[in-house]
Amino acid sequence: MLKRSIHRISLVAATIISGAATVTHADEVTVGVLVPLTGELGEFGEIVANAVELGVAQVNAAGGTSCGMLRTVVADTGGNPELGIREATKMIEAEGAVALLGPTSGVMVALVDMAKRTETVVISPYAGTITLNELGGDFVYRTVSSDLGDGAASGLWLTERGYRTVAFLVQNEESTISPAQVARTKLENAGIELTDYVIYNPGQPSYQAELISVLANEPDAIYLAGGQESGVTVIKEATAGGFEGEWLFTADLAVPEIFDAAGAELLNGRAYVEFADADNSLPEYKAFESLHMDATGGEPGPFSANSFDMVNLVALSLESSGECSGTGINQTIRDVADGGEAVSSFAEGKAALAEGKDINYEGASGPLSFDESGTVSGSYSIQAAQEGQWVNVRFYPASAFE
Amino acid sequence: MSLLAQYFVTGIATGSFLILATIGFSLTRQVEGFLNIAHAELLGVSAFITWGLNVLAGWPLLPSAAVAIVVTSVFGLVIARAVYDPIKKLGPAVLLITSVGVAYVIGGGVDAVVGTGIRTLDIPLATTYKFYGLRITNYQLMVIALAALTAVTLALFLNKTSTGLAIRAVAANPELAASRGVDVRKTSRATWLISSGLAGLAGVMLAMIATLSTDIAFHQILKILAVAILAGLGSLYSVILSGLIVGVAMDMSVYWIPAGYRPLIAFAIVIIVLLFRPQGLSGRKAA
């Protein structure tokens, strides 16, 4: 807790200090880090901000881009789109940011118009919302796959486990309903009985009413697509109510804090979590993992590799285009991500570009290739709760869904 | 049928929590004459003090809860003295808008102190009892018992003590009460202490049954408003009836319609009742 607080204070201090110098130096190029540092998604925002800083340090250690060294300005959105727009405006207008990295789904969608109007590239490492399947692709990118992929992975896992009956508890948000629908279709096609499909509102003290029918039907498993606050209460109330089956959670619960909050004994041996994940068998991931361990002393968290990749893509795009602007990044980001000589770091890419070669950045989170909507195809992991921690039990590469 | 009865039982527990959350809010509304939106944030203050003492300091639940309720009570009075009293003469609309600002300040303060993520108390998992096939947990029973106990205690206090009678007199007609020798300022302070203490009690219940995030307290304000508006201005007994109606209706509605519409049910009831009874259940019109 203390460590986290100190870190947050340092991020705030970094914001204030960088905010004091509102004019970008000629030998610097500014990148905004727009993440939730408070609120329910604060844990993820910190992971993203740290991974971005790690990427920036690597880029600057390699001599920076031809536009200058990367400089970051950090702001907390709290996951709130309104606050996100306000902070983004400050970053672009006062700080001269050419790219904004790290917004969550709701903030990303709110920023689409601004990104195009101000010609500023916005990239998210975890915004899976399917709304971006329509809106993304021009100035708006993500280094994570769409939520629909999460639904397909969840459906695949629930089918593989051999459950006969499954109940769905889905938080009333677009980002949880969309993948749940995909998983539901997958189950129905596999002939698995769906005992309940409950969409609930978060922020309630109790979810007993939502659980009544679910518990009465005694399903083999519950698919719980919800946030941490609602998720923990649901887990406790369902267990107290006599639920003895297994769980499949979605990415919001893929954090170690769940074991403290819900109680490890309720989860061990019967809970699983699905989330978009880097292919950690790839050498690029292993190199990132080693770098992360050296820099922070800990293993990368969820979306850490995706966040690291955002910085490298921005830096390589700046290097490749030679135009130190969002437009320059937008024009070249697809080229540096796909086609040409494979490179796995900014330093390698910079050297290859200096030799006049085309490059193909192979990211820590996997091979990055943007589709029309600016989205990469993803791979997914299933982890099991064992002895109070999440342990990898299944990995679905992108090819599993073809 | 037993499923429907189960929804009813759960609804009683939901309604009891709403009573605890709303009764202090309604008391302030009656005596001070405005909707104190920051009331919901006081639930959060109490919940996080309870959590801090119980989890961080390792105190047992009861003393943690007692300290949280007392601190929240005094905190509510301090806010009233520092913020609301100086602008009281500007009228209820200004006070209401100011209370929205106070809610944001308290919420921001809790955010800054508590930080990100979720928190839970160090208490055992709920125990479920079964009566005639109907499930109820010990925590739900505690909420129901506390709501009943609070209502009875408050009723006795308001009817049998001089301070309670003074509060009722000021609520009914502050000018007349003052002319008859009631110390309006002292009565106002007593009201703030009691209403904030009741928010503190609801906050302890919130910490016990819910998973705490820094915004969960503010999420309760719409339901608090629904119960308070449905109750009207007349008496605190109508808050009890209103809380139970809203709680039972919200939970029983899940039997027929998707659970995502529960909040809609709360406000649908308010709208329907006010169409036929604009003064609310209590029958007294606003001045």
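So that the names make sense, note that chain A is the first sequence line, chain B the second, and so on, each numbered from 1. Quick caveat, the model's predicted, so the values are computed rather than measured.
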Examine distances only and state if a side-chain atom of A/Thr233 and a backbone atom of B/Ala210 form a donor-acceptor pair shorter than 3.5 Å.
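A pair under 3.5 Å: no.
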
Looking only at atom types and distance, does a side-chain atom of B/Gln220 sit under 3.5 Å from a main-chain N or O of A/Gly203, one as donor and one as acceptor?
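Checking the backbone N and O of A/Gly203 against the side chain of B/Gln220, a donor-acceptor pair under 3.5 Å is found.
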
Working to the nearest 0.5 Å, report the span between [atom1] of [X] and [atom2] of [Y].
{"X": "A/Glu237", "Y": "B/Arg135", "atom1": "CD", "atom2": "CZ", "answer": "9.5 Å"}
{"X": "B/Ile209", "Y": "A/Tyr207", "atom1": "CD1", "atom2": "OH", "answer": "10.5 Å"}
{"X": "B/Tyr139", "Y": "A/Gln208", "atom1": "OH", "atom2": "CD", "answer": "12.5 Å"}

Please report the closest heavy-atom contact between [X] and [Y], naming both atoms and the distance.
{"X": "B/Gly117", "Y": "A/Glu43", "result": "CA-OE2, 3.6 Å"}
{"X": "A/Ala209", "Y": "B/Tyr7", "result": "O-CE2, 3.3 Å"}
{"X": "B/Leu206", "Y": "A/Pro205", "result": "CD1-CB, 3.8 Å"}
{"X": "A/Asn201", "Y": "B/Pro263", "result": "ND2-CD, 3.2 Å"}

Is any side-chain heavy atom of B/Leu125 closer than 4.5 Å to one of A/Glu265?
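No; the side chains remain at least 4.5 Å from each other.
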
Just wondering, do A/Tyr197 and B/Pro258 contact through their side chains at under 4.5 Å, heavy atoms?
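Of all side-chain heavy-atom pairs linking A/Tyr197 with B/Pro258, none is under 4.5 Å.
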
Contacting region of [X] [heavy-atom separation from chain A under 4.5 Å]:
{"X": "B/Thr10", "value": "side chain"}
{"X": "B/Lys223", "value": "side chain"}
{"X": "B/Phe17", "value": "side chain"}
{"X": "B/Asp251", "value": "both"}

Sort [X] into side chain, backbone, both or neither according to what part of it lies under 4.5 angstrom from a heavy atom of chain B.
{"X": "A/Gln171", "value": "neither"}
{"X": "A/Ala261", "value": "both"}
{"X": "A/Val232", "value": "both"}

Count the heavy atoms of every other residue, nucleotide or ligand shown that sit under 6.0 Å from CD of A/Glu82, and state whether that count exceeds 12.
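Incorrect, the count does not exceed 12.
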
What option among B/Ile216, B/Asp122, B/Leu212 has the most heavy-atom pairs under 4.5 Å with chain A?
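That would be B/Ile216.
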
